[in-house]
Amino acid sequence: MMTMVSLETRSLLLRPFAPSDVEPMLAMSQEDCARKWLPSQVYRDEAHAASAVDWLTRQFDLQMTPKTNAFVFGVADKATARLIGHVGLSPLFDGVEVGFGIATSEQGKGYATEAVRRACAWGFERFSLSAILGVTDAENVASQRVLRRCGFRKKEEKMMRAQGVERSVIIFELTEKNAQQTGCTERRDRAAVDNRTSLTQRR
């Protein structure tokens, strides 16, 4: 049986996908934001979304690495257990890219930053990665802000095929050293979650 992993942040649970995620995944893929920035992840119907969920679940093999397999988590609101997005590590060029998406109704709350920071911390710790890339459309300023908050630095801007479309993109990079400086490490992140949980319990 395949071993799965769940990760926590102050507000979120990053967990394996389940069959019950098909409907919300389909709904999120139909939003204008997803259609604009993530066209390759727009699903035609429930069957299409179900096949994507199944593929992502089968890709999550801890005997492999994100240089060969996609490790994508469903992002759930801890307070409601409701799926509000996704975040994960996957192969890009000879390295690893972090990808993410948050439902339009939940944007602007810092969830993308929490999710990306936690996923990258796990990637550095679990797979001993030296660096993680982040690729955004040159006009996707919101996603660029998320990456910068997580310690990513601009590496280059170029034309490439991304999300199934030839477009101008900005490639960011987070090195292990920068991750440590910005607190994007497994140990620090876990300690922060523990401290915040304790404060919450005292209220």
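Residue indices begin at 1 and follow the sequence shown. Not measured: the values here are computed from a predicted model.
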Distance-minimising heavy-atom pair for [X] and [Y]:
{"X": "Ala138", "Y": "Gln144", "answer": "O-NE2, 3.2 Å"}
{"X": "Gly85", "Y": "Met28", "answer": "N-SD, 3.7 Å"}
{"X": "Thr68", "Y": "Gln59", "answer": "O-OE1, 4.4 Å"}
{"X": "Leu38", "Y": "Gly101", "answer": "CD1-CA, 4.5 Å"}
{"X": "Pro24", "Y": "Leu83", "answer": "CG-CD2, 4.0 Å"}
{"X": "Phe124", "Y": "Leu174", "answer": "CZ-O, 3.5 Å"}

Looking at Arg82 and Glu106, is there a salt bridge between them, counting it only when a charged N and a carboxylate O are closer than 4.0 Å?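 A salt bridge is present here (some side-chain N lies under 4.0 Å from a carboxylate O).
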Okay, side chain of [X], backbone of [Y]: is any donor-acceptor separation there less than 3.5 Å?
{"X": "Gln30", "Y": "Tyr43", "value": "yes"}
{"X": "Glu46", "Y": "Leu26", "value": "no"}
{"X": "Arg117", "Y": "Arg149", "value": "yes"}
{"X": "Lys78", "Y": "Thr9", "value": "yes"}
{"X": "Arg118", "Y": "Glu8", "value": "yes"}

[atom2] on [Y] to [atom1] on [X], rounded to 0.5 Å:
{"X": "Cys150", "Y": "Glu114", "atom1": "SG", "atom2": "CD", "value": "10.0 Å"}
{"X": "Trp37", "Y": "Glu31", "atom1": "CH2", "atom2": "CD", "value": "15.0 Å"}
{"X": "Leu56", "Y": "His86", "atom1": "CG", "atom2": "NE2", "value": "9.0 Å"}
{"X": "Leu7", "Y": "Phe73", "atom1": "CG", "atom2": "CZ", "value": "4.0 Å"}
{"X": "Trp122", "Y": "Phe71", "atom1": "CH2", "atom2": "CZ", "value": "5.5 Å"}
{"X": "Cys120", "Y": "Asn178", "atom1": "SG", "atom2": "CG", "value": "12.0 Å"}

Just to verify, what does [X] make a side-chain hydrogen bond (donor to acceptor under 3.5 Å, both in side chains) with, not counting sequence neighbours?
{"X": "Asp137", "result": "Arg167"}
{"X": "Asp21", "result": "Arg15"}
{"X": "Arg148", "result": "none"}

same_hphob_cluster([X], [Y]) at 4.5 Å side-chain heavy-atom cutoff:
{"X": "Leu92", "Y": "Val169", "answer": "yes"}
{"X": "Val72", "Y": "Val98", "answer": "no"}
{"X": "Trp55", "Y": "Phe60", "answer": "no"}
{"X": "Ile102", "Y": "Phe17", "answer": "no"}
{"X": "Val135", "Y": "Ile170", "answer": "no"}

[X] vs [Y] side-chain heavy atoms within contact, under 4.5 Å:
{"X": "Ser130", "Y": "Glu176", "result": "no"}
{"X": "Leu147", "Y": "Phe100", "result": "yes"}
{"X": "Met159", "Y": "Ser168", "result": "yes"}
{"X": "Thr175", "Y": "Arg153", "result": "no"}
{"X": "Val146", "Y": "Phe152", "result": "no"}
{"X": "Pro66", "Y": "Leu129", "result": "yes"}

Assess whether side-chain contact (heavy atoms from CB on, under 4.5 Å) is satisfied between Cys33 and Gln107, documenting all intermediate values. CA-CA 10 Å; Cys33 189; Gln107 292 176 9; 3.7 Å; yes
Counting heavy atoms not belonging to [X], are there more than 12 under 6.0 Å from its [atom1]?
{"X": "Asp32", "atom1": "CG", "value": "no"}
{"X": "Lys36", "atom1": "NZ", "value": "no"}
{"X": "Gln63", "atom1": "CD", "value": "no"}

Please step through side-chain contact (heavy atoms from CB on, under 4.5 Å) for the pair Phe127 and Val96, ending with a clear verdict. CA-CA 11 Å; Phe127 301 105; Val96 175; over 6 Å; no
For the pair Met160 and Ile171, evaluate side-chain contact (heavy atoms from CB on, under 4.5 Å) and give the outcome as yes or no after the intermediate values. CA-CA 10 Å; Met160 64 174 276; Ile171 299 176; 4.2 Å; yes
After noting the C-alpha distance and the side-chain angles of Asp77 and Ser11, does the key distance pass the side-chain contact (heavy atoms from CB on, under 4.5 Å) rule? CA-CA 6 Å; Asp77 182 338; Ser11 309; 5.7 Å; no
